There are 2 protein chains.
Amino acid sequence: MGQFVGPVAYGPGAAAILVHMAENSTRTAYTVDSLLAVTVGVFNERGYDGTSMEDLSRAAGISKSSIYHHVRGKEELLKLAVGRALDALFGILAEPEALDGRSVDRLEHVVRRTTEVLLAELPYVTLLLRVRGNTATEQWALERRRDFDHQVAELLRAAVAAGELRADVEPRLATRLLFGMINSIVEWYRPGSKHTDGVAEAVVHLAFDGLRA
Amino acid sequence: MGQFVGPVAYGPGAAAILVHMAENSTRTAYTVDSLLAVTVGVFNERGYDGTSMEDLSRAAGISKSSIYHHVRGKEELLKLAVGRALDALFGILAEPEALDGRSVDRLEHVVRRTTEVLLAELPYVTLLLRVRGNTATEQWALERRRDFDHQVAELLRAAVAAGELRADVEPRLATRLLFGMINSIVEWYRPGSKHTDGVAEAVVHLAFDGLRA
DNA sequence: TCAGCGTAACCGAACGATCGGTCGGGTCAA
DNA sequence: TTGACCCGACCGATCGTTCGGTTACGCTGA
């Protein structure tokens with residue numbers, strides 16, 4: 001009698017997962033993940049501090065207090081969301097192509113994969129890139145990001161030392177500008193819109209070869 | 001008897017300007033500009049929505065209600081700050097070097113100048129780049145930014161059409177990535193710290209020639 | 001089959017704290 | 001005296017969260 005139907009669309013309540021409910025049921029039920037998907041969209045639109053629990057309540061189509069059945073508080077929602085982005089990014093650094101081979105190839109792999117992960121987990125990475133530092137969770141996220149940035153910078157530095165990349169721009173500066181460019185994608189990328197095909201390839205080309213004809 | 005001494009340091013009350021006060025005066029007095037300098041720092045640190053008037057009051061060393069002598073409200077502070085950044089950026093587009101000559105030279109000029117303006121007006125541009133859209137002022141700022149971005153994209157497109165820049169990356173995408181890189185400077189640049197010399201030159205080199213040795 | 005149970009997920013009302021802003025009053029230098 | 005700049009107390013609204021209660025559903029045993 002019960003059946004799993006999965007998410008149907010994004011919108012107030014629409015992202016709720018119908019989990020093993022009667023076929024004629026009128027009640028939708030959230031899981032943490034489905035609630036998080038709604039949450040991260042609102043956080044990105046209004047900012048974490050600019051988002052009230054009432055805003056989330058409206059977006060999800062459930063009462064404000066119902067949210068507390070799923071999570072302890074607003075900050076836990078933030079932690080779950082940015083944690084997902086961080087896990088994905090650190091996962092890249094653990095891939096074989098990021099660990100073995102010439103430094104420049106590893107860097108190129110990380111650049112491409114970072115761009116791909118950013119596109120795949122856009123809402124979560126977007127939120128991560130916008131954290132400030134007002135809460136313990138935000139400070140934790142910033143610390144984790146610094147660790148990721150450091151590891152990537154070491155990779156670029158090794159490629160410079162091996163003579164594979166230009167040495168006239170300080171490696172740390174180059175790293176920041178390079179990843180600044182990748183991260184900026186969150187400010188304009190919209191899945192499915194024009195001009196978004198081959199973004200990862202464009203990033204690699206611009207990064208390594210520049211704009212010149 | 002009165003004398004103008006100017007700002008002395010950044011900190012609570014310290015940014016206040018001593019304006020034509022008796023030599024033995026113990027009273028500091030804010031102007032809109034000096035209050036704005038404190039404000040923009042706090043806005044950037046905590047985010048606009050994450051900043052309370054109490055936060056500003058503490059940073060400035062005056063009572064919350066005193067702020068309302070200078071400005072009508074919190075949003076006016078935001079408008080003054082982002083307005084300053086916008087004026088500076090649009091000023092670049094009006095410079096002779098941005099108007100006359102080969103497209104690629106004009107673009108290079110705009111890239112360099114944008115980077116320089118960003119560094120010179122760092123707190124104000126930082127704030128501008130972080131606006132969301134929750135208030136009328138933020139929506140206005142976003143609209144103005146879109147106009148700036150559009151004009152720059154036209155410049156890059158003209159350079160591509162003239163065969164001066166690579167055509168295999170869609171011009172709008174290239175513009176976004178390029179200015180994404182420049183704008184990302186606000187996330188890490190600290191005046192006077194290591195690795196910040198020649199940032200504008202580094203940006204131009206990376207943008208036009210890429211990372212390859 | 002169906003009544004009854006347990007519980008996950010939900011609700012509205014209320015809480016204490018904080019928010020942006022107002023108001024009447026004060027200080028100080030020209 | 002006047003006006004720029006300031007103050008503390010206070011306001012109504014909103015904030016994130018709690019609390020006691022309700023609903024809907026799946027499961028089980030008679």
Side-chain angles (χ1 to χ4, degrees), chain A residues 1-5 12-13 15-35 38-39 42-43 46-79 134-137, chain B residues 1-5 12-13 15-36 38-39 42-43 46-58 60-79 134-137:
Chain A
M1 186 60 70
Q3 59 182 336
F4 178 70
V5 294
I17 299 183
L18 304 174
V19 185
H20 292 295
M21 296 181 115
E23 190 157 338
N24 295 329
S25 169
T26 59
R27 184 170 188 161
T28 58
Y30 274 97
T31 61
V32 173
D33 279 349
S34 61
L35 181 59
V38 175
T39 296
V42 183
F43 276 172
R46 306 189 56 84
Y48 175 69
D49 290 317
T51 299
S52 66
M53 298 304 283
E54 185 73 47
D55 291 326
L56 295 183
S57 158
R58 269 197 299 270
I62 58 175
S63 74
K64 195 164 49 161
S65 58
S66 300
I67 297 174
Y68 293 87
H69 172 79
H70 299 274
V71 291
R72 274 166 298 181
K74 189 183 182 188
E75 195 170 331
E76 182 168 333
L77 286 165
L78 179 65
K79 185 160 190 179
N134 296 337
T135 62
T137 293
Chain B
M1 187 60 70
Q3 58 182 338
F4 178 68
V5 293
I17 299 183
L18 305 176
V19 184
H20 293 291
M21 297 181 110
E23 189 156 344
N24 293 331
S25 170
T26 58
R27 183 171 185 160
T28 58
Y30 275 97
T31 62
V32 173
D33 280 349
S34 61
L35 180 61
L36 200 60
V38 176
T39 297
V42 184
F43 278 171
R46 305 188 56 83
Y48 175 69
D49 291 317
T51 299
S52 65
M53 299 304 285
E54 187 70 48
D55 292 326
L56 295 184
S57 157
R58 270 196 299 269
I62 58 175
S63 75
K64 193 166 53 159
S65 58
S66 301
I67 297 176
Y68 294 87
H69 173 78
H70 299 273
V71 290
R72 274 165 298 179
K74 189 183 182 189
E75 194 169 332
E76 183 168 331
L77 286 165
L78 178 65
K79 185 160 190 179
N134 296 338
T135 61
T137 293

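Order of the sequence lines sets the chain letters (A, B, ...), proteins ahead of strands, with each chain counted from 1. What you are looking at is a predicted structure, and each value in this text was computed from that prediction instead of being measured.
- The distance between atom CD1 of A/Ile67 and atom P of C/dC10, rounded to the nearest whole Å, is 10 Å.
- How far CZ of A/Arg58 is from OG of A/Ser63: 13.0 Å, rounded to the nearest 0.5 Å.
- Closest of all the heavy-atom pairs between A/Tyr48 and A/Glu75 is OH-CA, 3.2 Å.
- Between the two ends of the helix from C/dT1-D/dA30 to C/dA30-D/dT1, each summarised by a five-pair axis, the helix axis turns through 0° (rounded to 10 degrees).
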Inset, instruction - Let me have a per-nucleotide readout for nucleotides 7-12 of chain D, 5' to 3', with B, S or -, counting only protein heavy atoms under 4.0 Å. - result: BB----

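- What separates NZ of A/Lys74 from P of D/dT18 is a distance of 15 Å, to the nearest Å.
- Within the 4.0 angstrom heavy-atom criterion, only backbone atoms of the sugar-phosphate kind lie near A/Thr51; the bases stay farther away.
- Distances were taken from every side-chain heavy atom of B/Met53 (C-beta onward) to each of D/dG16, C/dG21, D/dC5; the shortest belongs to C/dG21.
- Atom CG in A/Leu35 sits about 11 Å away from atom P in C/dA9, given to the nearest Å.
- The two residues B/Lys74 and B/Thr51 come nearest to each other via the heavy atoms NZ-O, 2.6 Å.
- Rounded to an integer number of Å, the gap from A/Leu77 CG to D/dC15 P is 16 Å.
- In this model, no donor atom of one side chain and acceptor atom of the other lie less than 3.5 Å apart for A/Thr135 and A/Thr137.
- What you find for A/Gly50 and A/Asp55 is that their closest heavy atoms are O-OD2, 3.7 Å.
- Side-chain atoms of B/Ala29 lie closest to D/dC6 of the nucleotides D/dT17, C/dG20, D/dC6.
- One atom, CZ of A/Arg46, and another, P of D/dT14, lie 13 Å apart when rounded to the nearest Å.
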Inset, instruction - Would you check, one step at a time, whether the test side-chain contact (heavy atoms from CB on, under 4.5 Å) holds for A/Thr39 with A/Ile67? - result: CA-CA 10 Å; A/Thr39 296; A/Ile67 297 174; over 6 Å; no

Inset, instruction - Any chance you could lay out the side-chain contact (heavy atoms from CB on, under 4.5 Å) test for A/Met53 and A/Tyr68, step after step, and finish with the verdict? - result: CA-CA 10 Å; A/Met53 298 304 283; A/Tyr68 293 87; 3.5 Å; yes

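- In plain terms, the two heavy atoms of A/Ala60 and A/Leu35 that are nearest each other are CB-CD1, 4.1 Å.
- The side chain of B/His70 contributes an N or O atom lying less than 4.0 Å from OP1 or OP2 of D/dC6.
- We find that CG of A/Asn134 is positioned 15 Å from C1' of D/dC15, with the value rounded to whole Å.
- Checking the phosphate oxygens (OP1, OP2) of D/dC5, no side-chain nitrogen or oxygen of B/Tyr30 falls inside 4.0 Å.
- Between C/dA8, D/dG16, C/dG21, one nucleotide has an atom nearer to the side chain of A/His69 than all others, and that is C/dA8.
- Between B/His70 and B/Thr31, the shortest heavy-atom distance links the atoms ND1-C, 4.0 Å.
- Straight-line distance from the CD atom of A/Glu76 to the C1' atom of D/dG16: 14 Å, rounded to whole Å.
- Atom CD of A/Glu54 is separated from atom P of D/dT18 by 17 Å (rounded to the nearest Å).
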